[in-house]
Amino acid sequence: MAALSKIPHNCHEIGHTWDPSCARSALDVTRGALEVSFKIYAPLYLIAAVLKRRKKDYYMKKLLPEILRSTSFLTANGGLYIVFFCFLRKLLGGFYSWSAGFGSALPASYIAILLERKNRRGLLTIYMANLATETLFRMAVTRGIVTPVPHGEVLLFCITASLYMFFFRSRDGLKGFTFSALKFIIGKEEIPSHSVTAETSVPRPPEAPAAETEASPVSAEGPVSRRRAMAAYSRRLLESICKHGPRHRCCKHYQDNCISYCVKGFVRMFSLGYLIQCGIKVTSAFRQVFSKPSRLPSLFYNKENFQLGAFLGSFVSIYKGMSCLLRWIRDIDDELHALVAGFLAGSSMFFCKSTTVSMYLFSKLVETMYFKGIEAGHFPYIPCADTILYAISTAICFQAAVMEVQNLRPSYWKFLLRLTQGRFALMNRKVLDVFGTQASQNFKDFVPRLDPRYTSVPCQKVLLPAEDIVLG
């Protein structure tokens, strides 16, 4: 089988085509990765420290060591890959379909993650596991093993949202950041009674003072007084509509009826989503705004700006609406309502489809369920599971980056190019086509510039001048 055959080419002919020396090539990749890694982590840690309002001691004693530690992790991940790439070639006497990608990246990634801080390994593992799962799915689709389901990312999000909301309503279902995030998005009113504390308790409807029940006379002192009186009258009218509409006895939104409760939830989250998307747009086009001020209105009135708002707003309003409807139908407030309401609310992703978001939330859900299984004694605890999973997931992604980059998430491929300053694109993938993965599909016009003194196969010639090979 071609997939199991070995090709006799050396490292220079396949991997580091820009330099025949293994040591110099590894040094080139390491030096470039070090520079890029520091540029990534230095502002990242600094901004995080400012947002967390760190004290002076942190900036003096901990900030630089943390930056350097994360920088060394990412540098090692890139530099050690090329080291093991050359080592395995010399050990095996050539390249197999698995050795240039998975085999070289596995030990490199495992060693690299051990250099990173423990509290960051979990987040990195979740991200890479999510990316590896998506990559494997694309590989399976390319090979005809599975058939994509129409709107599959929406269906996956519906299932994930259903289970997340069920755990949110369950006793000790969710903790920490996830619980706080859902409480902020959905609201305190949907927190189950056994999870309500003095800090998060939902206020009971206050007794209206006698003075508020009487209509304030419209003053005739002038236009300003009349406008104030009209504004006060409108406010009292809206409050009356919100308070005196239909509301089930099991509902905890005591300040509003069920209809206004859903409408307010939509408006609140739609506004938040719109502002977030506008902030991203304005920040990304900050320089262009000064050169072309006429583009500023289009940054605010853009179709994409409303997509995130529609997604968040409809998710909250559908969830709240279905929860209220089920309370009216069944005349109880049940945790199982969250399964139905959460699933239907997941359809809001039609406004803002994202396979990345669906896969990431699903990965976090699997992690949550796994740790719950460990607490309940159903699953075994595996020491160093995060480091092992990270190494395997990263190796899968590197395998795709070498053998079938068309199945890798484009954003991660761009990251690899940035980390290696373009050198990952200089691999001689036309030779790797023998393994049947169409490795050179995205590199049809590239022919490496090889030194004929270090080539083991006579057909490898110098076909491109040095200036045509661009790094970075």
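Scope of the values below: all heavy atoms of this structure, side chains included, with no hydrogens, waters or symmetry mates.
- Across all non-hydrogen atoms, the minimal contact from Ala401 to Leu416 is CB-CD1, 3.7 Å.
- Note on ring orientation: taking the six-membered ring where Trp is involved, the planes of Phe443 and Trp413 are perpendicular (angle over 60°, cut-offs 30° and 60°).
- Between Tyr319 and Phe315, the two ring planes are parallel [angle under 30°; tilted spans 30° to 60°].
- Surrounding NZ of Lys62 are at most 12 heavy atoms belonging to other residues, nucleotides or ligands under 6.0 Å away.
- By the 6.0 Å and 45° rule, Arg120 does not stack over the aromatic ring of Tyr127.
- The closest side-chain heavy-atom distance from Phe73 to Leu124 is below 4.5 Å.
- When the shell of 6.0 Å around OH of Tyr41 is examined, it contains more than 12 heavy atoms from other residues, nucleotides or ligands.
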Dump the intermediate steps for side-chain contact (heavy atoms from CB on, under 4.5 Å) on Asp333 and Leu326, then the final yes or no. CA-CA 8 Å; Asp333 186 20; Leu326 290 172; over 6 Å; no

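- The two residues Met128 and Cys397 have their closest heavy-atom pair at CE-SG, 3.8 Å.
- Side-chain contact check for His151 and Lys353: at least one donor-acceptor pair (N or O, by modelled atom type) lies under 3.5 Å.
- Scanning all heavy atoms of the two residues, the minimum distance from Tyr58 to Glu66 falls at OH-OE1, 2.7 Å.
- In this structure, the side chains of Glu367 and Thr125 stay at 4.5 Å or more apart for every pair of heavy atoms.
- Considering every non-hydrogen atom in both Asp331 and Cys250, the closest pair reads O-SG, 4.0 Å.
- Nearest heavy-atom pair across Gly78 and Val29 is O-CG1, 3.5 Å.
- Residue-environment remark: CZ (Phe350) exceeds the threshold of 12 foreign heavy atoms within 6.0 Å.
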Checking Glu35 against Arg31 for the salt bridge (Lys or Arg N to Asp or Glu O under 4.0 Å) test, could you report, in this order, the C-alpha distance in whole Å, the side-chain angles of both residues, the deciding distance, and whether it holds? CA-CA 6 Å; Glu35 178 184 346; Arg31 184 168 53 245; over 6 Å; no

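- Put simply, the side chain of Glu404 reaches to within 4.5 Å of the side chain of Met139, judged on heavy atoms.
- Remark: aromatic rings of Phe398 and Phe85 are distant, center separation not under 6.0 Å.
- Side-chain contact between Tyr164 and Lys364 is present, with at least one heavy-atom pair separated by less than 4.5 Å.
- Between Leu106 and Ile392 the shortest side-chain heavy-atom distance falls below 4.5 Å.
- For the pair Arg138 and Glu134, the salt-bridge criterion is met [side-chain N within less than 4.0 Å of a carboxylate O].
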Run the side-chain contact (heavy atoms from CB on, under 4.5 Å) test on Phe184 and Leu272 for me, step by step, so that the C-alpha distance in whole Å, both residues' side-chain angles and the decisive distance to 0.1 Å come before the verdict. CA-CA 11 Å; Phe184 172 78; Leu272 179 62; 3.6 Å; yes

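- The closest side-chain heavy-atom distance from Thr437 to Gln406 is not below 4.5 Å.
- Counting heavy-atom neighbours within 6.0 Å of Ile259 CD1, excluding the residue itself, gives a total of 12 or less.
- When all heavy atoms of His337 and Ile332 are compared, the closest pair comes out as CE1-O, 3.1 Å.
- Side chains of Leu312 and Phe270 form no contact here, defined as non-hydrogen atoms less than 4.5 Å apart.
- At a threshold of 4.0 Å, the pair Glu375-Lys372 does not count as salt-bridged, since none of the basic side-chain nitrogens sits closer than that to a carboxylate oxygen.
- Two residues are said to be in side-chain contact when any heavy atoms from C-beta on lie closer than 4.5 Å; Tyr59 and Val50 meet this criterion.
- Of the N and O atoms on the side chains of Ser440 and Asp433, at least one donor lies less than 3.5 Å from an acceptor on the other residue.
- A ring-centre distance under 6.0 Å is found for Phe306 and Tyr274.
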